[in-house]
Amino acid sequence: QKEVEQDPGPLSVPEGAIVSLNCTYSNSAFQYFMWYRQYSRKGPELLMYTYSSGNKEDGRFTAQVDKSSKYISLFIRDSQPSDSATYLCAMSHTGGNQFYFGTGTSLTVIP
Amino acid sequence: AAGVIQSPRHLIKEKRETATLKCYPIPRHDTVYWYQQGPGQDPQFLISFYEKMQSDKGSIPDRFSAQQFSDYHSELNMSSLELGDSALYFCASSLRGEETQYFGPGTRLLVL
């Protein structure tokens with residue numbers, strides 16, 4: 001079993017919709033939680049970074065971490081066609097430096 | 001802002017050949033990481049270096065080796081290439097004490 005589970009989708013939504021992306025994990029030692037966006041044939045691009053539990057907002061993006069449930073989410077408001085990409089969650093231990101990735105969720109925003 | 005640079009961007013090799021991938025981290029970043037991403041898969045951690053010393057090791061095959069140089073750039077050396085080594089190879093860099101890793105554009109390796 002992978003340490004990080006993520007629904008691969010694909011997820012298809014109309015433009016302007018709110019998108020919810022989620023990951024669950026099994027290792028309670030994870031303290032740092034990241035969301036990356038990856039366009040086809042490109043490197044992962046850091047979107048959001050959260051330490052421990054709580055919410056973090058950046059423009060149209062909101063990241064939530066619930067450590068008690070071992071569950072993290074990324075919300076995208078007013079989704080745009082340019083948001084169409086694969087979204088990867090990643091996490092690491094306190095003081096550790098290896099990232100553990102989810103499998104990625106493929107998102108398509110339809111104009 | 002300067003990003004992580006990887007070269008070459010594309011590489012075609014035959015079985016049993018060797019390949020060297022290069023990574024130039026973001027200026028002032030002292031830690032580099034190597035990941036392998038197969039088609040439709042998440043990036044798998046291979047190895048990382050901090051201040052020229054190996055700091056963490058993941059699923060890197062014995063046929064592969066890597067090092068970090070005094071200017072912090074890193075090279076991933078791959079020998080006896082196999083068909084299954086065909087993948088995207090990403091380098092990421094970070095500054096020690098900061099958990100965020102910034103990824104390069106990747107090197108697409110195709111082994112024929």
Side-chain angles (χ1 to χ4, degrees), chain A residues 1-11 21-25 27 29-52 56 58 61 63 65 72 85-107, chain B residues 1 3-7 9-10 21 23-26 29-51 53-60 68 86-110:
Chain A
Q1 183 183 1
K2 283 176 65 70
E3 295 206 53
V4 182
E5 298 284 349
Q6 183 176 7
D7 186 341
L11 187 61
L21 305 167
N22 311 293
C23 288
T24 59
Y25 61 96
N27 192 334
F30 288 141
Q31 295 283 351
Y32 299 90
F33 305 91
M34 279 69 58
W35 285 96
Y36 285 85
R37 177 174 62 195
Q38 186 174 25
Y39 294 109
S40 180
R41 298 174 180 267
K42 303 286 187 183
E45 171 193 5
L46 179 67
L47 277 179
M48 301 284 287
Y49 157 61
T50 309
Y51 170 70
S52 198
K56 185 173 184 179
D58 184 3
F61 298 90
V65 174
I72 70 171
T86 296
Y87 290 79
L88 295 152
C89 63
M91 44 199 81
S92 67
H93 305 138
T94 302
N97 57 10
Q98 177 184 158
F99 272 20
Y100 296 84
F101 282 88
T103 51
T105 299
S106 175
L107 170 68
Chain B
V4 177
I5 298 172
Q6 289 187 248
S7 68
R9 294 293 310 277
H10 302 272
L21 278 54
C23 169
Y24 297 87
I26 291 172
H29 280 192
D30 49 20
T31 307
V32 294
Y33 315 78
W34 287 97
Y35 291 86
Q36 177 192 59
Q37 187 177 31
Q41 298 184 359
D42 55 301
Q44 294 293 314
F45 173 73
L46 294 177
I47 196 167
S48 64
F49 291 87
Y50 166 65
E51 287 289 345
M53 299 289 291
Q54 180 182 309
S55 59
D56 201 1
K57 189 174 182 181
S59 54
I60 184 169
Q68 185 181 29
S86 296
L88 264 172
Y89 289 84
F90 289 109
C91 171
S93 75
S94 71
L95 186 60
R96 194 69 160 185
E98 297 182 2
E99 289 299 323
T100 51
Q101 296 180 17
Y102 296 87
F103 282 75
T107 293
R108 182 171 293 278
L109 172 66
L110 178 61

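Below, chain A is the first sequence line, B the second, and so on; all start at residue 1. Side-chain atoms are counted along with the backbone in the values below, which use heavy atoms only and exclude waters and symmetry mates. Not measured: the values here are computed from a predicted model.
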Just so I understand: if I count every heavy-atom pair under 4.5 Å between each of A/K42, A/M34, A/Q6 and chain B, which residue has the most?
A/K42
With side chains defined as the heavy atoms from C-beta onward, is the minimum distance between A/K2 and B/D42 less than 4.5 Å?
yes
Part of A/F99 lying under 4.5 Å from any heavy atom of chain B:
both
Straight-line distance of A/Y36 OH to B/T100 OG1, nearest 0.5 Å:
6.5 Å
Heavy-atom pair count under 4.5 Å with chain A, highest-scoring of B/G58, B/G104, B/P105:
B/P105
Quick one: of B/Q37, B/Q41, B/Q101, who has the most non-hydrogen atom pairs under 4.5 Å with chain A?
B/Q101
Given a strict heavy-atom distance threshold of 4.5 Å, which part of B/Q6 is in contact with chain A: side chain, backbone, both, or neither?
neither
Contact origin within A/Y100 toward chain B - heavy atom pairs under 4.5 Å:
neither
Most chain B-contacting option - heavy-atom pairs closer than 4.5 Å, from A/G102, A/G104, A/P44
A/P44
Contacts of type side chain to side chain contact (heavy atoms under 4.5 Å, CB included), residue B/E51, not counting sequence neighbours
B/D30, B/Y72
Nearest 0.5 Å, please: how far is CG in B/L88 from CD in A/Q38?
7.5 Å
Bottom line for B/Y35: the part with an atom under 4.5 Å from chain A's heavy atoms is side chain
Which residues pass the ring pair (Phe, Tyr, Trp, His ring centres under 6.0 Å) test with B/Y89, not counting sequence neighbours?
none
Measuring from A/Q98:CD to B/L46:CG, what's the distance to the nearest 0.5 Å?
9.5 Å
